> 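Take a look at this one; I'll ask things after.
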Amino acid sequence: MGLFKSKQEKEIEKKMLVKKTINQMNKHIAILEGQKKVYLDAAKRAKKQGLKAQYDLAITGLKMTLAQQKRAQEMLLNFEITSQLKDMTQMTHDFLGGLSILSKEMTKLTNSKEFAKVQEQFEAAMEGVQTQSEQMEVYLETSATEFDANKGDAGAISDDEINALIDEEIGQDEISSDSIDAELEKLKKKMAQKEN
């Protein structure tokens, strides 16, 4: 590969970078999901055993993980939306570039009166691009402000929600434990009947 990359090569590299970033964000979210399960299991065990200090520690870890997971999911969604907006802006840019070329070609074929109409349409299209560009800037500023605003708010998961989640998990564990005991009892009865 030479020193200078073509426009197409640069575009491919950018798309690969976007895809790589999305994959890394998804991996981070998956890691946080695993951490959430670890803290949830620790909290369940501590609650069953009546270990308050360990329960409180597990709850703190769980809250932090849930807040990080929420923030990571918001960042991923924001990144995906921004990437799609960039693609749409590029498509609009390419369309307007093609329209500009067509307008120049049409100028050669038409008189100045018709060209004035084409020029008017072209200027209206360019105003649309400017408007879209301004909207993109507003969106990006709003997103940055939103992330800043959510920093202090990210851990706002209530103790009641956490306790309900842990109680639900404990209930599911007990149901599955009862099911296993029932299955073992059935097997014992079958084996006893075969021996008789």
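Not measured: the values here are computed from a predicted model.
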> In plain terms, say whether E33 and K36 are close enough for a salt bridge, that is, a side-chain N and a carboxylate O under 4.0 Å apart.
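Answer for the salt bridge query: yes.
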> Same cluster for Y55 and L66 if Ile/Leu/Val/Met/Phe/Trp/Tyr side chains link at under 4.5 Å?
yes
> Working to the nearest 0.5 angstrom, can you tell me the gap between Q73 CD and N26 CG?
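One finds 9.5 Å between CD of Q73 and CG of N26.
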> Please identify which of these residues, L85, V18, I22, meets the side-chain contact (heavy atoms from CB on, under 4.5 Å) condition with E80.
I22
> I'd like to know if the side chain of S100 reaches the main chain of L96, judged simply by a donor and an acceptor atom lying under 3.5 Å from each other, with no hydrogens or angles considered.
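Looks like no, no N/O pair under 3.5 Å.
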> In plain terms, say whether E11 and K86 are close enough for a salt bridge, that is, a side-chain N and a carboxylate O under 4.0 Å apart.
yes
> Would E134 and Q130 count as having a side-chain donor-acceptor pair, cut-off 3.5 Å?
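Checked: E134/Q130 side chains pair up, N/O donor to acceptor below 3.5 Å.
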> I170 and K47: which non-hydrogen atoms are nearest, and at how many Å?
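Where I170 meets K47 most closely, the heavy atoms are CD1-CD, 4.0 Å.
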> Would you mind reporting whether V38 and T65 have side-chain heavy atoms less than 4.5 Å apart?
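No, too far: nothing below the 4.5 Å cut-off.
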> Side chain to side chain contact (heavy atoms under 4.5 Å, CB included) for L102 and F122? Distances and angles first, verdict last.
CA-CA 10 Å; L102 283 174; F122 180 72; over 6 Å; no
> With salt bridge (charged side-chain N to carboxylate O under 4.0 Å, His left out) as the criterion, how do K37 and D41 come out once you've worked through the C-alpha distance, each side chain's angles and the decisive distance to 0.1 Å?
CA-CA 6 Å; K37 183 169 176 16; D41 289 343; 3.2 Å; yes
> Does the T92 side chain pair with the main chain of M88, one donor and one acceptor, at a distance under 3.5 Å?
yes
> Could you walk me through whether E13 and L17 pass the side chain to side chain contact (heavy atoms under 4.5 Å, CB included) check?
CA-CA 6 Å; E13 279 185 0; L17 181 61; over 6 Å; no
> Side-chain heavy atoms under 4.5 angstrom apart, residues restricted to Ile, Leu, Val, Met, Phe, Trp, Tyr: same cluster for L57 and L51?
no
> Check the pair E74 / R71 against salt bridge (charged side-chain N to carboxylate O under 4.0 Å, His left out), numbers first and verdict last.
CA-CA 5 Å; E74 288 171 352; R71 195 175 309 123; over 6 Å; no
> State the CG-CE distance between N23 and M16, to the nearest 0.5 angstrom.
11.0 Å
> What pair of heavy atoms forms the shortest contact from H28 to A72, and how long is it?
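What the structure gives for the nearest pair is CD2-CB, 4.0 Å.
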> If you count every heavy atom of other residues, nucleotides or ligands that lies below 6.0 Å from M25 atom CE, does the total exceed 12?
yes
> Find the distance between CG (L32) and CE (M64) and round it off to the nearest 0.5 Å.
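L32 atom CG to M64 atom CE measures 10.5 Å (nearest 0.5 Å).
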